[in-house]
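Proteins get letters first, then strands, A, B, ... in listed order; numbering begins at 1 in each.
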Protein chains: 2
Amino acid sequence: MKTEKVDKRQAILEAAEKLFCETGYEGTSTRQIAKESGANMAMINYYFGSKEGVFVEIMNERIAGFASQLKIINEDKISALEKLHRVIEGYVNRILSNTAFHKMMHRELSLTQRPAMYDKIKDAMSHNMQLIDRIITGGIEDGTFNKVDVRMVIATIMGTITNIVIAPQKVMPCSNFDLNNPKDKKMIKDRAIAHLQDLTTVYLTTKK
Amino acid sequence: MKTEKVDKRQAILEAAEKLFCETGYEGTSTRQIAKESGANMAMINYYFGSKEGVFVEIMNERIAGFASQLKIINEDKISALEKLHRVIEGYVNRILSNTAFHKMMHRELSLTQRPAMYDKIKDAMSHNMQLIDRIITGGIEDGTFNKVDVRMVIATIMGTITNIVIAPQKVMPCSNFDLNNPKDKKMIKDRAIAHLQDLTTVYLTTKK
DNA sequence: GGAAGTTAATCAATCGTTTGATTAATTTTG
DNA sequence: CAAAATTAATCAAACGATTGATTAACTTCC
C-alpha cells in the first residue's frame, strides 16, 4: 500500500491543469501553481524543467489515457452505422467527462504559436478522426452510406460536441444550468448522443 | 474630414487584433502591439486607457459591425428551409471572412475568467442563435420540418463552422493548405456551405 | 499659443527560473 | 550494526528580464 504522504509531483500536475483550464496557459503563473498545489515554486522546475514542461506532461498523460480507450470498436463485426454510433457515444462520454481539459486543449489548439503543443494536440485528435474517417468511408464503399463530404461530417460531429462543451448555456438557456452538476451533465450527454446518432443516421442512410 | 496621415489609433487596433489572434490576449505584450502598429507604447494607454481597453474596443467594433448585418432574412416571404440556407450562407461567409477574430472570440469565450468579455460575446452570439431558433421552430410548427432538438441543431451548425475555422487542417489534410490563401478559403467556404445546407435539408425535411 | 498627438525614459510589480542550503531517506562501508 | 557517504526532495531567497502603466518633455497643427 502506498504511503499517505502527498505526492507533490502529482499535486503540481493537478493544480496546473485546473489553473490552465480556468485562466489559460499564459494567464497562469508558476507562483499560482505552487500556491494551489502546496508545493514550493522550485519544485515545478525540479520535476518538469519548466512551466511548459508541466503543460507537456499534462498533455502526455491525458493523451496516453485516451489512446488506451479506443481501438476495439473498428474490429467488431457490426454495421458501419452501428460502429459510428458507438464512436459517437464514446466520444461524447469522454469529452463531457473531461470538459475542463477539453476546453483547455481546444483553446491552445487555436493558438498558431507554440508549435510543439499544437502538433501534440493535433496528433492526439487525428487518431479519432482517422477512426471516424475509416468507418464512414467503409460505409460509403459498401453502399450502406450516401456519398457525403466525409471530412465535413467529421467536422460536424466533433464541432457539435466541442460547441456544447464550450458554450453549454447556448444549448441549455436555463440560468441555473451547470455542467459540473452530475445530473445536468448526464442529461446533456444523453441529448448530445441522441442528437448526433439521429443526425448521422438520417443524413448518411436516407435514400434520396 | 480626417487627414490622410496614418491613423495610429486604428493601427493599434488592427495590430492588437492580429496579435491577440495569433498569441492570445495574455500572450501579447503592449510592447509588441506598439512595435507592430508603429506607434509608441504610451499611445495605447492614451487612446484606450489600458491593454484591456484595446481588447474591449476591438470587441465592441466587431460586434457592432455584425449586428448591422442581419435582420433582413427573417422577414422575407420564403420557406423556412430557404431562410435557413441563407442564414447558413451568411454565417459561413462572415466567419470565414474573419477567421482570426472568430478564433480569438472563441478562445476568450472558453475562459471562465474575464466575465465582462464573456457576457459581451455571449450576447453577440445569442442574436444569431435566436434567429436560427425562430426559423427552425417556425418550420416545425408549420409542418415543413421534422420535430428535432432545435438547440442541438444550432450547436451542430455553429460547431461545424467553428471547427473548420480553428482546425482547418482537419478538414483539408493537405500540407500546403492555407486559410489565408483566398483561393483555398473560397474552396472551403463553398464546401462548408454545401455541406451544411445539404445536412440540414436532409435532416430537417426527410419524411421517416 | 494652446490643444492634441507623440516620444523616450522610467516606474513598481510580476514573470519564469536559478541558486545555495537544509532536511530526510537510502546506500555504502568498516 | 552503526558510522559515513550519497541521493532525492524541499525550501526561502534572489536572479535578470519583462510586464502594463505613467511621467514629463517635445512636436505638430489649427
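- Note: CG (B:D7) to P (C:dA4) measures 16 Å, nearest angstrom.
- With values rounded to the nearest 0.5 angstrom, A:I193 atom CD1 is found 11.5 Å from A:I188 atom CD1.
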Checklist entry - Would B:L13 and B:Y47 count as a side-chain contact (heavy atoms from CB on, under 4.5 Å) if you check the C-alpha gap in whole Å, the side-chain angles of each, and the deciding distance to 0.1 Å? => result CA-CA 10 Å; B:L13 283 177; B:Y47 280 122; over 6 Å; no
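- Classification of the A:Y25-A:F20 ring pair by plane angle, with boundaries at 30° and 60°, yields tilted.
- Neither OP1 nor OP2 of C:dA4 sits under 4.0 Å from any side-chain N or O of B:K8.
- Computed from coordinates, the A:I12 CD1 to C:dT17 P distance equals 13 Å when rounded to whole Å.
- B:E14 meets the salt bridge (Lys or Arg N to Asp or Glu O under 4.0 Å) test with no other residue; sequence neighbours excluded.
- Applying the side-chain hydrogen bond (donor to acceptor under 3.5 Å, both in side chains) criterion to A:Y91, with sequence neighbours excluded, gives no partner residue.
- At least one side-chain nitrogen or oxygen of B:Y46 sits closer than 4.0 Å to the OP1 or OP2 atom of C:dG5.
- Note on B:F48: nothing from the nucleic acid sits closer than 4.0 angstrom, heavy atoms only.
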Next on the checklist: Please encode protein proximity along nucleotides 13-26 of chain D as a string of B, S and -, counting only heavy-atom distances under 4.0 Å.
Outcome noted: -B----BBBBB---
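- Taking atom OH of residue A:Y47 and atom P of nucleotide C:dT17, one finds them 17 Å apart after rounding to whole Å.
- In this structure, B:R107 does not pair ionically with A:E26, as no charged nitrogen and carboxylate oxygen lie closer than 4.0 Å.
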